[in-house]
Amino acid sequence: MASYTYVPSGVCSRKIFFDIEDGKLYNVSFVGGCDGNLKAISKLLEGKSAQQAVEILKGNDCAGRGTSCADQLARAVEQALEEE
């Protein structure tokens with residue numbers, strides 16, 4: 001299992017942590033941001049395809065920022081998958 005830490009940009013969350021094993025996401029967590037929503041995203045993604053998470057979350061916008069915590073997670077996962 002590979003563990004990743006990502007420092008997001010342009011959003012309220014300050015760090016994103018996640019693991020990828022056999023192409024699936026585990027242990028997604030955020031520091032900062034909208035606590036309840038981010039916990040829900042984490043629960044929904046547990047054990048799901050990392051690539052599918054990128055496809056679903058990439059481009060999600062929060063308040064006209066051009067990004068969101070979910071989009072930042074997608075970018076982080078996409079980067080991690082490219083590194084694997």
**Student:** Determine all donor-acceptor pairs shorter than 3.5 Å in which one atom belongs to a side chain in residues 18-26; sequence neighbours excluded.
**Tutor:**
| unit_1 | atom_1 | unit_2 | atom_2 | d |
| --- | --- | --- | --- | --- |
| Asp19 | OD1 | Ser3 | OG | 2.7 |
| Asp19 | OD2 | Asn27 | ND2 | 2.6 |

**Student:** Considering non-hydrogen atoms only, spot the tightest contact between Gly10 and Thr67 and give its length.
**Tutor:**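 Closest pair (atom of Gly10, atom of Thr67, distance): O-CG2, 3.9 Å.
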**Student:** Enumerate the salt bridge (charged side-chain N to carboxylate O under 4.0 Å, His left out) contacts for residues 75-84, please, sequence neighbours excluded, ordered by first and then second residue.
**Tutor:**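 As it turns out, the salt bridge (charged side-chain N to carboxylate O under 4.0 Å, His left out) pairs with a partner in residues 75-84, which skip direct neighbours, are Lys58-Glu78, Asp71-Arg75.
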**Student:** Check Ser68 against Cys62 and note the closest heavy-atom contact, atom names and distance.
**Tutor:**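 Nearest heavy atoms, Ser68 then Cys62: CB-CB, 3.7 Å.
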**Student:** Using atom types as modelled and distance alone, determine if a side-chain donor or acceptor of Gln72 lies under 3.5 Å from a backbone N or O of Ser9.
**Tutor:**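 Yes; judged by distance alone, with no hydrogens or angles, the pair exists.
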**Student:** Minimum heavy-atom separation for Gly32 and Arg14, please, with both atom names.
**Tutor:**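 Gly32 and Arg14 have their closest heavy atoms at CA-NH1, 3.7 Å.
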**Student:** Can you name the residues that form a side-chain hydrogen bond (donor to acceptor under 3.5 Å, both in side chains) with Lys15, not counting sequence neighbours?
**Tutor:**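 With sequence neighbours excluded, Lys15 shows a side-chain hydrogen bond (donor to acceptor under 3.5 Å, both in side chains) to no residue whatsoever.
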**Student:** Over all heavy atoms of both residues, which pair between Phe30 and Cys69 is shortest? Give the atoms and the distance, please.
**Tutor:**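 Shortest heavy-atom contact: CE2-O, 3.8 Å.
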**Student:** Quick one: do Val28 and Val11 end up in the same hydrophobic cluster if we chain Ile, Leu, Val, Met, Phe, Trp and Tyr together by side-chain heavy atoms under 4.5 Å apart?
**Tutor:**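 Looking at the clustering, Val11 is in a separate group from Val28.
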**Student:** Side chain to side chain contact (heavy atoms under 4.5 Å, CB included) for Leu45 and Leu73? Distances and angles first, verdict last.
**Tutor:** CA-CA 11 Å; Leu45 294 177; Leu73 172 61; 3.5 Å; yes
**Student:** Should Val54 and Phe17 be regarded as members of a common hydrophobic cluster, given that ILVMFWY residues are connected when their side-chain heavy atoms come within less than 4.5 Å of each other, either directly or indirectly?
**Tutor:**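 No, Val54 does not connect to Phe17 through the hydrophobic network.
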**Student:** Kindly indicate whether the side chain of Ile41, heavy atoms from C-beta on, has any atom under 4.5 Å from the side chain of Leu44.
**Tutor:**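 Of all side-chain heavy-atom pairs linking Leu44 with Ile41, none is under 4.5 Å.
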**Student:** Can you tell me how far apart SG (Cys12) and CG (Leu38) are? Round to the nearest 0.5 Å.
**Tutor:**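 Cys12 SG to Leu38 CG: 9.0 Å, rounded to 0.5 Å.
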**Student:** Might you work through the salt bridge (Lys or Arg N to Asp or Glu O under 4.0 Å) test for Asp35 and Lys39, ending with a clear yes or no?
**Tutor:** CA-CA 6 Å; Asp35 189 51; Lys39 283 180 181 173; 3.1 Å; yes
**Student:** Are Tyr4 and Leu81 connected, step by step, through hydrophobic side chains (Ile, Leu, Val, Met, Phe, Trp, Tyr) whose heavy atoms are closer than 4.5 Å?
**Tutor:**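 Yes, it is one cluster - the side chains of Tyr4 and Leu81 are joined through contacts under 4.5 Å.
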